[in-house]
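Note that the numbering runs from 1 along the sequence shown for the chain. Given the structure is predicted, the values throughout are model-derived calculations rather than measurements.
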Amino acid sequence: VQLQASGGGLVQAGGSLRLSCATSGRTASSYATGWFRQAPGKEREFVAAIRWSVTTTYQAYYSDSVKGRFTISGDNAKNTVYLEMNSLKSEDTAVYYCATEGRTTYYGGSYYHTLGAYDYWGQGTQVTVSS
């Protein structure tokens, strides 16, 4: 299983970016996928996660710091998870990582906020927001 994160870049405060996380080696929609970020000198923190249900609809989870500004979604045909980021702030500057779980789980939302929920990680993509 490999994850390829892309879409990062330099944007002004208030602007938007869309990150992509392409999965290869298995079907992305069978497993929860999360986005995390890590700013210099800080710990990696949860941003958002998506979990497909047995009915193929999905549930989305967000950290309080991005709720209402970021949207996570999935494209089954492209085997890709997206993170649409709007109203970006300087404090959103970080390296963004996508990750996916090793086995399908159906736990409560808070579980998917944790680093330990995920077994496979992408390489990260830099997002820089200038003020």
Side-chain angles (χ1 to χ4, degrees):
V1 179
Q2 290 188 328
L3 303 178
Q4 180 70 42
S6 62
L10 173 63
V11 63
Q12 288 187 334
S16 299
L17 280 175
R18 187 177 77 160
L19 305 184
S20 300
C21 178
T23 298
S24 60
R26 68 180 189 186
T27 302
S29 61
S30 297
Y31 307 89
T33 297
W35 284 96
F36 289 76
R37 66 187 182 187
Q38 188 165 19
K42 295 187 177 181
E43 295 185 349
R44 193 169 297 189
E45 65 173 5
F46 170 76
V47 176
I50 185 170
R51 179 173 65 80
W52 274 265
S53 74
V54 293
T55 61
T56 72
T57 57
Y58 63 83
Q59 290 181 290
Y61 309 101
Y62 299 95
S63 68
D64 289 341
S65 62
V66 307
K67 197 172 297 181
R69 300 188 297 122
F70 291 12
T71 302
I72 190 170
S73 62
D75 186 327
N76 290 334
K78 296 184 178 180
N79 219 28
T80 298
V81 170
Y82 301 100
L83 183 68
E84 184 75 34
M85 307 185 296
N86 299 313
S87 301
L88 283 162
K89 306 175 182 179
S90 57
E91 51 262 45
D92 295 317
T93 295
V95 177
Y96 283 70
Y97 299 89
C98 61
T100 190
E101 59 185 351
R103 61 182 180 90
T104 302
T105 61
Y106 296 101
Y107 295 129
S110 60
Y111 172 78
Y112 301 101
H113 291 217
T114 63
L115 293 170
Y118 304 92
D119 299 286
Y120 302 101
W121 291 80
Q123 84 289 1
T125 184
Q126 175 71 46
V127 172
T128 303
V129 183
S130 63
S131 56

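With 3.5 Å as the limit, one finds a donor-acceptor pair spanning the side chains of Arg37 and Tyr96.
When atom types are taken as modelled, the side chain of Ser65 and the backbone of Ser63 share no donor-acceptor pair closer than 3.5 angstrom. Not a single donor-acceptor pair under 3.5 Å links the side chain of Ser16 to the backbone N or O of Asn86. A donor-acceptor pair under 3.5 Å is formed between the side chain of Tyr62 and the backbone N or O of Ile72. No donor-acceptor pair closer than 3.5 Å links the side chain of Tyr82 to the backbone N or O of Asp75. When atom types are taken as modelled, the side chain of Thr93 and the backbone of Val129 share a donor-acceptor pair closer than 3.5 angstrom. In this structure, Asn79 contributes its side chain and Thr27 its backbone to no donor-acceptor pair below 3.5 Å. Judged purely by atom type and a 3.5 angstrom limit, Gln123 uses its side chain to pair as donor or acceptor with the backbone of Ala5. Remark: the backbone N or O of Ser87 is paired with a side-chain donor or acceptor of Arg69 at under 3.5 angstrom. Put simply, the side chain of Glu101 gets close to the backbone of Ala32: a donor and an acceptor are under 3.5 Å apart.
Rounded to the nearest 0.5 angstrom, Gln59 CD and Ile50 CD1 are separated by 10.0 Å. To the nearest 0.5 Å, the span separating CH2 on Trp35 from CE on Met85 amounts to 8.0 Å. Atom CZ of Arg18 and atom CD of Glu84 lie 6.5 Å apart (nearest 0.5 Å).
Across all non-hydrogen atoms, the minimal contact from Tyr61 to Gly109 is CE2-CA, 3.3 Å. When all heavy atoms of Ser20 and Thr80 are compared, the closest pair comes out as CB-CG2, 4.1 Å. For the residue pair Ser131 and Ser90, the shortest heavy atom distance occurs at CB-CB, 4.4 Å. Here the closest non-hydrogen pair linking Ala49 and Tyr118 is CB-OH, 3.4 Å. Contact between Leu3 and Cys98 at its shortest, heavy atoms only, is CD1-O, 3.7 Å. Residues Ser130 and Leu10 share a closest heavy-atom pair of CB-CD1, 4.3 Å.
Among the candidates Val47, Thr33, Leu17, the single residue satisfying the side-chain contact (heavy atoms from CB on, under 4.5 Å) test with Leu83 is Val47.
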What verdict does the side-chain contact (heavy atoms from CB on, under 4.5 Å) test give for Phe46 and Thr114, after you've listed the backbone C-alpha separation in whole Å, the side-chain angles of each residue and the deciding distance to 0.1 Å?
CA-CA 7 Å; Phe46 170 76; Thr114 63; over 6 Å; no
Could you please spell out the steps behind the side-chain contact (heavy atoms from CB on, under 4.5 Å) verdict for Thr125 and Val95?
CA-CA 5 Å; Thr125 184; Val95 177; over 6 Å; no
Could you go through the side-chain contact (heavy atoms from CB on, under 4.5 Å) check for Asn76 and Tyr58 one step at a time?
CA-CA 11 Å; Asn76 290 334; Tyr58 63 83; over 6 Å; no
Can Thr100 and Arg26 be said to form a side chain to side chain donor-acceptor pair (under 3.5 Å), step by step?
CA-CA 11 Å; Thr100 190; Arg26 68 180 189 186; 3.2 Å; yes
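Using a 4.5 Å heavy-atom threshold, the side chains of Tyr112 and Thr105 count as touching. Contact annotation: the side chain of Thr23 never approaches that of Tyr120 to less than 4.5 Å [non-hydrogen atoms, C-beta and beyond].
By the 6.0 Å and 45° rule, Arg103 does not stack over the aromatic ring of Tyr31. Cation-pi check for Arg44 over Phe36 is not met; the charged atom does not lie both under 6.0 angstrom from the ring centroid and within 45 degrees of its normal.
The environment of Gln38 atom CD is dense: over 12 non-hydrogen atoms of other residues, nucleotides or ligands sit within 6.0 angstrom.
Taking the charged nitrogens against the carboxylate oxygens, Asp92 and Lys89 have no contact shorter than 4.0 Å, which rules out a salt bridge.
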